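Since the structure is predicted, the reported quantities are computational estimates derived from the model, not experimental observations.
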There are 2 protein chains.
Amino acid sequence: MEQEGGIPRDSISNRVKKWISERILNGTYPPGHRLVELQIAHELKTSQGPVREALRELEASGLVESEPFKGTRVRQVSAREMQEAYQVRAFIEQHAAELAAFALRDNTSRLQSEIVAAHEAAEKGDIETFTRHKTVFHRQIVEASGNSILLRFWDALQFEIRSQVILSQEKFSPLEGEKLHQAIIDAFRNGNGKLAGRLLRKHLLGFADTIDSTHEASWVHAGRKSSTG
Amino acid sequence: MEQEGGIPRDSISNRVKKWISERILNGTYPPGHRLVELQIAHELKTSQGPVREALRELEASGLVESEPFKGTRVRQVSAREMQEAYQVRAFIEQHAAELAAFALRDNTSRLQSEIVAAHEAAEKGDIETFTRHKTVFHRQIVEASGNSILLRFWDALQFEIRSQVILSQEKFSPLEGEKLHQAIIDAFRNGNGKLAGRLLRKHLLGFADTIDSTHEASWVHAGRKSSTG
DNA sequence: CGAATATCGATTATCGATAATTTATTATTT
DNA sequence: AAATAATAAATTATCGATAATCGATATTCG
């Protein structure tokens, strides 16, 4: 099957995977939505095999869930699970910061530029760009830890978290964390990984604490532009 | 592979998955060994689909690796990666211990019985049983943390580590850690999660330190009985 | 009427065959 | 003989079709 005007260097199942995850991420397929293999296959003019493979990979990464002979649907993450995820992320980043202290000492320019970019986006009200830069900021710290397994876990967590919801909290007070991020950078500049770690942990556990079941309604699908500027 | 006698209680792809992982775990398929889809399918009297699906799941859990059109082979874990894995495991268990402090206070009987069982196995020279009970001991702590994501990560790590190698170190001095495990239990009995966490962390980082590339030859495949009983 | 069961439509799980791609082998040229 | 091109072999990726299973509805029997 020849690609219609696009990049042909990707397997069909991979393209299907991207296609589906895109739709889950931007809210077209809400949690609980059913994903029928042959239906998607027909829609994408391919066969059942690649679609099935894509769904199984998405299942492995936590985006969807499936039961034998019952089918696959977009996974619904509970408030409880979100709390757990933020807790795990909190101490992953704390440890990463301690491990990354040496690598980041007097080497914070990349971190700084992400914060600057995030700040600019926040002022323009571009939540999506803001969130992206803030995410890269945190990921760079885990990357600098030099522990690839830690990074893999962090990625898995991030995928799971961002796939479903973004805390409305994060949207409505984007400038709140600015000072904190600067403090984290300063700590790294001084080679104080312990401090950076404590700050990160506190920051993230703060998010975790804002999550409870009563807030479930205030979550918003990732990628959807909030109409309330 | 037979199913004639009754209702097939497990899908074919799941049985294939078990069949393959069993062979990887017991060393029949060593790291680097190539896994050809149609060849396995023929050997198990099934078709390519289920085998392919099984291999993809094993890839997701880190047991094998594959490249497009090149095929799948048993993954080789480097000394470096083993170190990283033990580091991550160390601080996962440290945090789990702190979270589990409340749940385990005056509630250590299950932990205790695992240690007793491990001790008995060690005296009989039954390394496999010893290792299994020691693993359950550690897993129970993570379970008691109440954080299911933490547990999922720990399981993934364990699968990855145990799938490939067991530190010969652990085999030759099984009684070494006995006192430490008792100390951990005592800490939990007193509700001192911080202390239990520190002990666990130190214990595991100790293992991590014994790993370096010069020791690579001393690793032994999991499941293989050492002839030097 | 109501519980157990047979049937139907929808969907997943599996199969056998074909196309696409890589790797190995042979032929050709310089 | 070395390098390159052409061909063949092996294997993965994909396809279209069939079998197995589930859920809902209709049907039978007490």
Worksheet item: Any side-chain heavy atom of B:Leu205 sitting closer than 4.5 Å to one from B:Gln87?
Response: yes
Worksheet item: Does any non-hydrogen side-chain atom of A:Val64 lie less than 4.5 Å from one of A:Ile24?
Response: yes
Round to the nearest Å and state the distance from [X] atom [atom1] to [N] atom [atom2].
X       : N      : atom1 : atom2 : result
B:Lys45 : C:dG16 : NZ    : C1'   : 17 Å
B:Arg73 : D:dT12 : CZ    : C1'   : 14 Å
B:Glu67 : D:dT12 : CD    : C1'   : 13 Å
B:Leu55 : D:dT11 : CG    : P     : 14 Å
A:Arg34 : C:dA10 : CZ    : C1'   : 8 Å
A:Gln39 : C:dT11 : CD    : C1'   : 11 Å
B:His42 : C:dA17 : NE2   : P     : 13 Å
A:Ile40 : D:dC15 : CD1   : C1'   : 17 Å

Worksheet entry | cation_pi(A:Arg23, A:Trp19) dist<6.0 Å, angle<=45 | yes
[X] side-chain proximity, nearest of [options]:
X       : options                : result
B:Gln48 : D:dC15, D:dT12, C:dT23 : D:dT12
B:Lys70 : C:dT23, D:dC15, C:dT12 : C:dT23
B:Val36 : D:dT12, D:dT14, D:dA13 : D:dT12
B:Phe69 : D:dA13, D:dT11, C:dT14 : D:dA13

So, is [X] close to the [N] phosphate, meaning a side-chain N or O under 4.0 Å from OP1 or OP2?
X       : N      : value
B:Arg52 : D:dT12 : no
B:Thr46 : C:dT14 : no
A:Arg56 : C:dA13 : yes

Fill in: A:Thr28 side chain to A:Asn26 side chain, donor-acceptor N/O pair below 3.5 angstrom
yes
Worksheet item: Checking all strands, does B:Leu35 fall into the base, sugar-phosphate, or nothing category for heavy-atom contacts under 4.0 angstrom?
Response: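 Sugar-phosphate only.
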Discussion item. Under 4.0 Å, counting only non-hydrogen atoms across every strand here, what does B:Gly71 touch: a base, just sugar-phosphate, or nothing?
Written reply: sugar-phosphate
Fill in: Matching residue for B:His203 among B:Gln94, B:His138, B:Glu93 - test: side-chain contact (heavy atoms from CB on, under 4.5 Å)
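Going through the options one by one, the only one that passes is B:His138.
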